[in-house]
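Quick notes on the structure that follows.
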Amino acid sequence: MTYLAKPKLLRPDTPKNAVGYTKRDYEGAISTLCAGCGHDSISASIVQACFDLDIEPHRVAKLSGIGCSSKTPDYFLGASHGFNTTHGRMPSVLTGAAVANRDLLYLGISGDGDSASIGIGQFAHAMRRGVNMTYIVENNGVYGLTKGQFSATADKGSKSKRGVINNDTPIDLVSLALQLGASYVARSFSGDKEQLIPLIKGAMRHRGPALIDVISPCVTFNNHQGSTRSYDYVREHNEAINRVDVILPRDKITASYAPGELRRVVQHDGSVLMLRKLHADYDPSDRVGAMNYLQERQAVGEIVTGLIYVDSSAEDLHRYLNTVETPLNKLGDADLCPGSKALEALNASLRCNP
Amino acid sequence: MSSVQSVQKTNDFVIKFANINGTGSASANELFARAIMGMGVPVAPRNIFPSNIQGMPTWYEVRVSGEGWLGRRGGCEMMVAMNPQTWDRDVAELAPGGYLFYDSTKMLPRSRFRDDIVVLGLPLTDICTREYADQRQRMLMKNIMYVGALTALLDMDFKAVEGLITQQYRGKDKLIASNLHALKTGYEEAKAAFDCPIGLRVERSDMVGDRIFVNGNDACGLGAVYGGATVAAWYPITPSTSVIESFSSYCRKFRTDPNNGMARYAIVQCEDELASIGMVIGASWNGARAFTATSGPGISLMQEFFGLAYFAEVPAVVFNVQRGGPSTGMPTRTQQSDLLACAYASHGDTKHVLLFPEDPYECFTFGAQAFDLAERLQTPVFVMADLDIGMNEVLCKPFDWDDSRRYDRGKVMSAADLDAGKNFGRYLDVDGDGIPYRTIPATHPTKGAFFSRGTTRNAYAKYSETGTDYVYNMERLRRKLVTARKLVPAPVVKKAALPTRFGAIYYGSTSPAMAEAFAMLEEQHIHVDIMRVRGFPFADEVVDFINDHDQVFVVEQNEAGQLRMLLVNECEIDPKRLVRVLHYDGTPITAGFIAGKIADAVKQDNVTPLRKQVAS
Ligand SMILES: Cc1ncc(C[n+]2csc(CCOP(=O)(O)OP(=O)(O)O)c2C)c(N)n1
Ligand code: SF4
Ligand SMILES: [Mg+2]
């Protein structure tokens, strides 16, 4: 394709957020995905979430693997640096980037093939290492970019467009992330922006590894009868456990919520997650309970969505590494080089001929 | 045995210790080597060890060379045979007239010895049982005891050894006392049992000078600290693991914030080498200096990522401590067999920068320089060490550092540059050297952001499959790698005493053996100019050197002649002019081997004139 710049003309009354950006400033190049692809809706939700959160676009680093899903960082946050890495290996590149500069927000975008098939190792290790990131899997159950083969998240018994039945047990990235120590775990549906946008916002304000598994139908290869990732199927089987609102420290809590069905979770940066419970007995701070609940609902064919688990006091990799507050990439010669005097002393200790 | 013609040599012999892994012999053996250097006599020790932690045979070979030759020599004039498992081969290895020192606690039949060697048995186990009550001490002190005995046998300076022990265990008085006791006991028992000294002797000299004794992996780690690396990502593999251990301990020492104990560095042990190089690329992309250390199998795993770093033009530093390949190969033996795997790593048309350190001094220097080169060239840089220099202590020039030196961060556009309206095209060749400008993420709120990728793009980093965009980029990359020729360390030439039509090219750990071979050949009036290649892509001088000689020997420690292939390929040299001299059995190459091969070839060549041979 040829690159088309979007017209930058704006109406004078276009709304700006607290940091002076319009929503357009969070957009990227024009998408080349198929019309109706779930991934594009996720991009739109990311744009909205970053605009709402008053994040300066250049403070975000967006990284992805390879796949239709992994192409999307080109289509949002055009003013952010991005890195389209190799298939299944985004987590390591993101980890390195996050280690180098603790001050940016890291947004990892991946597909189900990228994260659950070829990249499951890196996915797992980034979660267990506690990398401070928002990790979004755009999960369509197939390899979109290579034309519709099953991925490792495809449900057993689901039928491909060509009529092949999948016999392999699916990998559930949400369950995996819970087990591996991710401290913010959510699932959503690309077609439900009302649910998805706040979940992205909560994840971006979270410290520690945040996973959002977003069911994102592939209209070209996995939206047919017999698929368990089609729009129709997901709408029918979606079991939302809660609805989240994210309230920034500067905002007043104005909306009136009926007591009893509300849960407030204050994150480390002071932002508040307001959870409107849809299931009275669901507790998102109970990791083991969450795992059990997921398994139970899965067994009866329900797709649990919402904020499944959050540990608002989680630590992250930088804490474990005990790195200085100044980002490592900002340290200068004087901070890094011990100089010739120290070397002389070292030489002296290495001499055998005193 | 009195009829034995025993070897008589001073400051010029090889003594080998045959031990069992994990018995504490390593530190005693090193103490022995250090003691000789303390007397001003150069020593080149080498560990020969298995890929096991405990119970397997290990050898420590010490070449004592008053003349200062540090390459492996081969052969052995004295064997300290402490391992019953390898007894027969150890005894067999001794040169006629050589000395066999062993623990004579257990009687051995005459048939297990040789008639043409001098046998020196001391009942070490018995003595240790007598002197120490603790089982573990008995095992450990046996080692120090034989060092004591050797001190007497080789006429070494007892005081010097004592001094080393006191220094080594400073602050641990109990340890000092027990070690000194063992040393003294061994010394006295040997004096009482044998006619000391024997024919092998160490005589004070002043050939060590101000040189330091350190291993290459330590030096690589230190080089990374001085080179400003802040991120290390790695996966354990012999023989590279200690590069990270060294980086870690020097960082703790030099990079811990004195006010709050926080780290000005990060070390991540990864799940595999894919993740290691991925993290290095991510950190470098984000403007930190990052590296990994690995060996052959790790290099193989990293291939896809090398291509990404090359094509997306992200700096990366890789210390490759080479070992014997292919596959798991000889994990604890040395080779120079990853040149091709690194030079052209990854699919598609790629080419990478390689540096070839000859010793720990250059491991340090090149190690630090690699970060400047990687950022200047925005590409992966491989420091091609090997097990021989990586894991053995080598006597080398002291490290040096120029305090006025500043890190070369390469072509990075700042916020001020962007505000000044400089045209930022991530893949635009502004200066004609093939190196584009980059921006570090978060440099500027509205300018300079771009999308890095491994797919093709135009000069402004926009996705493009247009042929002209692709070709522009590939040609620029080629130009960049031509620029690299002038930036990598220049080759070092040593001319023969007389003008000659023969040359030899060598690199890396072959250096000390080559230096000695050069002297041997000169002595035989065989004149060969030698050139040590220190970097790839090859500097122009390398081509000139080859063109200045009719025949050039390429001396390497691999089976395929990999540097020779690179020379033929990159410099368009007629392969006939490059003669392979290859040593690859896993042991370090020797001067005798090199000189022998070259002498044979030169003599043969003198019989059949070169011109005629080429014409036929
Ligand atoms: C090492 C490697 N193997 C195979 C491919 C081919 N490939 C590209 S994308 C892809 C699958 C992508 O699937 P997914 O991550 O689910 O993304 P989607 O296209 O479905 O969004 C594959 C197999 C590749 N790029 N690299
Ligand atoms: S193939 Fe599927 S996943 Fe890829 S862009 Fe089209 S609809 Fe989306
Ligand atoms: Mg997919």
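Residue numbering restarts at 1 for every chain, and letters A, B, ... go by the order of the sequence lines.
Between T323(A) and M262(B), the shortest heavy-atom contact is O-CE, 3.0 Å. When all heavy atoms of F451(B) and F83(A) are compared, the closest pair comes out as CE1-N, 3.7 Å. Across all non-hydrogen atoms, the minimal contact from R264(B) to L328(A) is C-CD2, 3.7 Å. Pairing each heavy atom of A442(B) with each of L104(A), the nearest pair is CB-CD2, 3.5 Å. Considering every non-hydrogen atom in both A79(A) and A449(B), the closest pair reads O-CB, 3.3 Å.
Heavy-atom pairs under 4.5 Å with chain A were tallied for I281(B), V43(B), V225(B); the largest tally goes to V225(B). Heavy-atom pairs under 4.5 Å with chain A were tallied for P445(B), G454(B), A288(B); the largest tally goes to P445(B). Counting heavy-atom pairs closer than 4.5 Å to chain A, the top residue among T439(B), D400(B), I267(B), T466(B) is T439(B). The candidate with the highest count of non-hydrogen atom pairs below 4.5 Å against chain B, out of T95(A), L321(A), D333(A), is D333(A). Most heavy-atom pairs under 4.5 Å with chain A: of the set A160(B), A283(B), G287(B), this distinction falls to A283(B). Among N101(A), D74(A), L94(A), the residue making the largest number of heavy-atom pairs under 4.5 Å with chain B is D74(A). The candidate from A348(A), G121(A), A342(A), G78(A) with the greatest count of non-hydrogen atom pairs under 4.5 Å with chain B is A342(A). Put simply, of R34(B), R406(B), R409(B), the one with the most heavy-atom pairs under 4.5 Å next to chain A is R406(B). Counting heavy-atom pairs under 4.5 Å between each of Y407(B), F254(B), Y250(B), F305(B) and chain A puts Y407(B) at the top.
Contacts between Y320(A) and chain B at a heavy-atom distance below 4.5 Å are absent for every atom of the residue. V280(B) does not touch chain A: none of its heavy atoms, backbone or side chain, sits under 4.5 Å away. For L346(A), the part lying under 4.5 angstrom from a heavy atom of chain B is the side chain only. For chain B, no part of P91(A) is nearby; none of its heavy atoms comes within less than 4.5 Å. The part of S80(A) that comes within reach of chain B is its backbone (N, CA, C, O), which places non-hydrogen atoms under 4.5 angstrom from that chain. Heavy-atom distances place no part of C251(B) under 4.5 Å from chain A, backbone and side chain included. For a residue to count as touching a neighbouring chain, one of its non-hydrogen atoms must lie under 4.5 Å from one of that chain's; by this rule L77(A) does not touch chain B. Proximity to chain B (any heavy atom under 4.5 Å) is shown, for P57(A), by neither the backbone nor the side chain. With a threshold of 4.5 angstrom between heavy atoms, Q122(A) approaches chain B through its backbone and through its side chain. Using a 4.5 Å cut-off between heavy atoms, A266(B) contacts chain A through both its backbone and its side chain. Of the atoms belonging to L274(B), heavy atoms from both backbone and side chain fall under 4.5 Å from chain A.
Although no hydrogens or angles enter the test, the distance criterion places a donor-acceptor pair under 3.5 Å between the side chain of Y226(B) and the main chain of L343(A). For the pair R351(A) (side chain) and D210(B) (backbone), a donor-acceptor distance under 3.5 Å is present. The main-chain N or O of G261(B) is found under 3.5 Å from a side-chain atom of N322(A) such that the two form a donor-acceptor pair. D403(B) places no side-chain N or O within donor-acceptor distance of the main-chain N or O of G339(A), the cut-off being under 3.5 Å. A donor-acceptor pair is defined here as one N or O able to donate and one able to accept, closer than 3.5 Å; no such pair exists between the side chain of R89(A) and the backbone of A275(B).
Within a 6.0 Å radius of CZ in R405(B), more than 12 heavy atoms belonging to other residues, nucleotides or ligands are found.
Rounded to the nearest 0.5 Å, atoms CD (E304(B)) and OG1 (T85(A)) are 8.5 Å apart. Of the inter-residue distances, the one linking D25(A) atom CG with T446(B) atom OG1 reads 9.0 Å to the nearest 0.5 angstrom. With rounding to the nearest 0.5 angstrom, the OG atom of S92(A) is 12.0 Å from the CD atom of E273(B). Rounded to the nearest 0.5 angstrom, L350(A) CG and E393(B) CD are separated by 9.0 Å.
By the 4.5 Å heavy-atom criterion applied to side chains, V268(B) and R129(A) are counted as neighbours. Considering only heavy atoms from C-beta on, Y106(A) comes within 4.5 Å of N286(B) through its side chain.
Between the side chains of Y463(B) and N84(A), not a single donor N or O lies within less than 3.5 Å of an accepting N or O.
Taking the six-membered ring where tryptophan is involved, the planes of F450(B) and H81(A) are perpendicular, since the angle between them exceeds 60° and thus also 30°.
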